[in-house]
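Heavy-atom basis, side chains included; hydrogens, waters and symmetry copies ignored.
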Amino acid sequence: MRNTVDAVHLENVVVVMQPSEEAELAEDFIIPASSLGPNSDGLVYVSFTRNSPSEYATGSFVNTLKFVSKEVDPESGEPEEDGYDDEYQVEELDLGAGDYIVPSYAAFATEWDRLRSAATAQETFALTALDSLKTACDSIIDLLGMEALGGTEQPQSASVHTLNLSGLVCGGGGKVLARARMTYQAGKGVTMELTVRAENEGAAQLVLNAIA
């Protein structure tokens, strides 16, 4: 018995991305996927520019997939000539500090000293939801997208630890280092003093603001 359900062919596939107000981004262009068959993949490119080049915009995007839908003739396997416009919401996308940072190795003590007169930012955070120093290290590394140095991603103590991180910030941000001094107390979570040194002040604030 022949399956009479027609497959669907998509044309002019675009993703309309609406950034949140705090992101302060302006859309440049969209490059659509011209054609997507029932069993094919495709890429859609969307470009945005930061309104303020000296700042690293973060925020979220509400995304809408738009396309022309055409049924596929089951006999010929070709899409019908006529189609109709369709759209639906897809999951939101977050833009965070880690999207701007590339992990980069460094001799931490040497680089930390070299940047002693560079842009510096420091703040103390109470991370009450974290239940161990290892969980804190994993969360911070994942959030910032930086490279842990000297094995500091593995705490040797359950109560006190220092995590050293290094990265390169795109868009002219240059080198950035972070030192996270942490203590853990059962029932109170992790207290962290985060100090950031960077070649660019905006890069230092990018890292610090990611935790806030």
Side-chain angles (χ1 to χ4, degrees), residues 19-20 22-25 48 50 52-61 91-212:
S20 53
E22 68 270 19
E24 296 186 351
L25 295 165
F48 284 86
R50 290 173 284 158
S52 177
S54 63
E55 298 179 1
Y56 292 88
T58 58
S60 61
F61 294 86
E91 63 181 312
E92 289 191 6
L93 175 69
D94 292 322
L95 176 65
D99 296 306
Y100 292 103
I101 301 174
V102 178
S104 173
Y105 175 78
F108 188 82
T110 300
E111 284 294 286
W112 189 255
D113 185 62
R114 182 181 71 85
L115 294 173
R116 65 185 182 277
S117 299
T120 301
Q122 185 181 80
E123 193 166 336
T124 299
F125 301 92
L127 308 176
T128 56
L130 300 180
D131 59 5
S132 72
L133 294 177
K134 177 62 170 124
T135 301
C137 288
D138 292 344
S139 299
I140 294 165
I141 292 169
D142 181 63
L143 179 65
L144 298 178
M146 299 175 71
E147 181 167 340
L149 301 173
T152 57
E153 71 276 12
Q154 297 289 345
Q156 300 303 306
S157 166
S159 58
V160 180
H161 181 62
T162 298
L163 172 66
N164 296 327
L165 300 167
S166 173
L168 291 172
V169 179
C170 69
K175 192 73 175 180
V176 61
L177 299 177
R179 182 182 66 193
R181 291 174 168 169
M182 297 178 282
T183 60
Y184 171 74
Q185 186 175 353
K188 295 185 178 180
V190 174
T191 300
M192 178 180 69
E193 178 193 76
L194 180 64
T195 306
V196 184
R197 291 181 180 179
E199 294 175 333
N200 178 284
E201 184 176 353
Q205 287 299 322
L206 170 70
V207 173
L208 199 68
N209 293 342
I211 309 297

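Although no hydrogens or angles enter the test, the distance criterion places a donor-acceptor pair under 3.5 Å between the side chain of S20 and the main chain of S60. Side-chain N or O atoms of N209 include one that pairs as donor or acceptor with a backbone N or O of Q205 at under 3.5 Å. At least one donor-acceptor pair under 3.5 Å links the side chain of R197 to the backbone N or O of W112. Looking at D99, its side chain does come within 3.5 Å of a backbone N or O of G96 through a donor-acceptor pair. Side-chain atoms of T152 do not come within 3.5 Å of backbone N or O of A148 as any donor-acceptor pair. The backbone N or O of L130 sits nowhere less than 3.5 Å from a side-chain atom of S132 that would complete a donor-acceptor pair.
A distance of 12.0 Å separates CE in M192 from NE2 in H161, rounded to the nearest 0.5 Å. Taking CZ of R181 as the reference point, atom OG1 of T162 lies at 6.0 Å (rounded to 0.5 Å). The CG atom of L206 sits 9.5 Å away from the CG atom of N200 when rounded to the nearest 0.5 Å. The OH atom of Y184 lies 11.0 Å from the OG1 atom of T191; values are rounded to the nearest 0.5 Å. How far OG of S166 is from CD1 of I101: 10.0 Å, rounded to the nearest 0.5 Å. Taking CG of L163 as the reference point, atom CD of E153 lies at 8.0 Å (rounded to 0.5 Å).
Residues A57 and E24 share a closest heavy-atom pair of CB-O, 4.4 Å. The two atoms that bring A118 and A198 nearest to each other are CB-O, 3.1 Å, heavy atoms only. Taking all atoms of both residues into account, the shortest heavy-atom contact from A97 to T58 is N-CG2, 4.2 Å. Closest heavy-atom contact between L115 and E199: CD2-CG, 3.8 Å. Shown here for A23 and P19, the closest heavy-atom pair between the two residues is CB-CB, 4.1 Å. Closest approach of A203 to G173, counting heavy atoms only: CB-O, 3.8 Å.
Side-chain contact between M146 and V176 is present, with at least one heavy-atom pair separated by less than 4.5 Å. Under the 4.5 Å side-chain criterion, counting only non-hydrogen atoms from C-beta, L144 is in contact with L165. T128 places none of its side-chain heavy atoms less than 4.5 Å from the side chain of K188. Side-chain contact check for R179 versus F108: some heavy-atom pair is nearer than 4.5 Å. Within the 4.5 Å cutoff, the side chain of E55 has no heavy atoms near those of the R50 side chain. In this structure, the side chains of F48 and L95 stay at 4.5 Å or more apart for every pair of heavy atoms. Contact check for L177 versus N164: no side-chain heavy atoms found under the 4.5 Å cut-off. Looking only at side-chain heavy atoms (C-beta outward), F125 and L208 come within less than 4.5 Å of each other.
Remark: Y56 engages Y100 in a ring pair (Phe, Tyr, Trp, His ring centres under 6.0 Å) (not counting sequence neighbours). For D113, the salt bridge (Lys or Arg N to Asp or Glu O under 4.0 Å) partners are R116, not counting sequence neighbours.
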Going through the checks in order, is the side-chain contact (heavy atoms from CB on, under 4.5 Å) test met by L194 and I140? CA-CA 11 Å; L194 180 64; I140 294 165; 5.8 Å; no
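For E91, the CD atom sits in a loose shell: 12 or fewer heavy atoms of surrounding residues, nucleotides or ligands are nearer than 6.0 Å.
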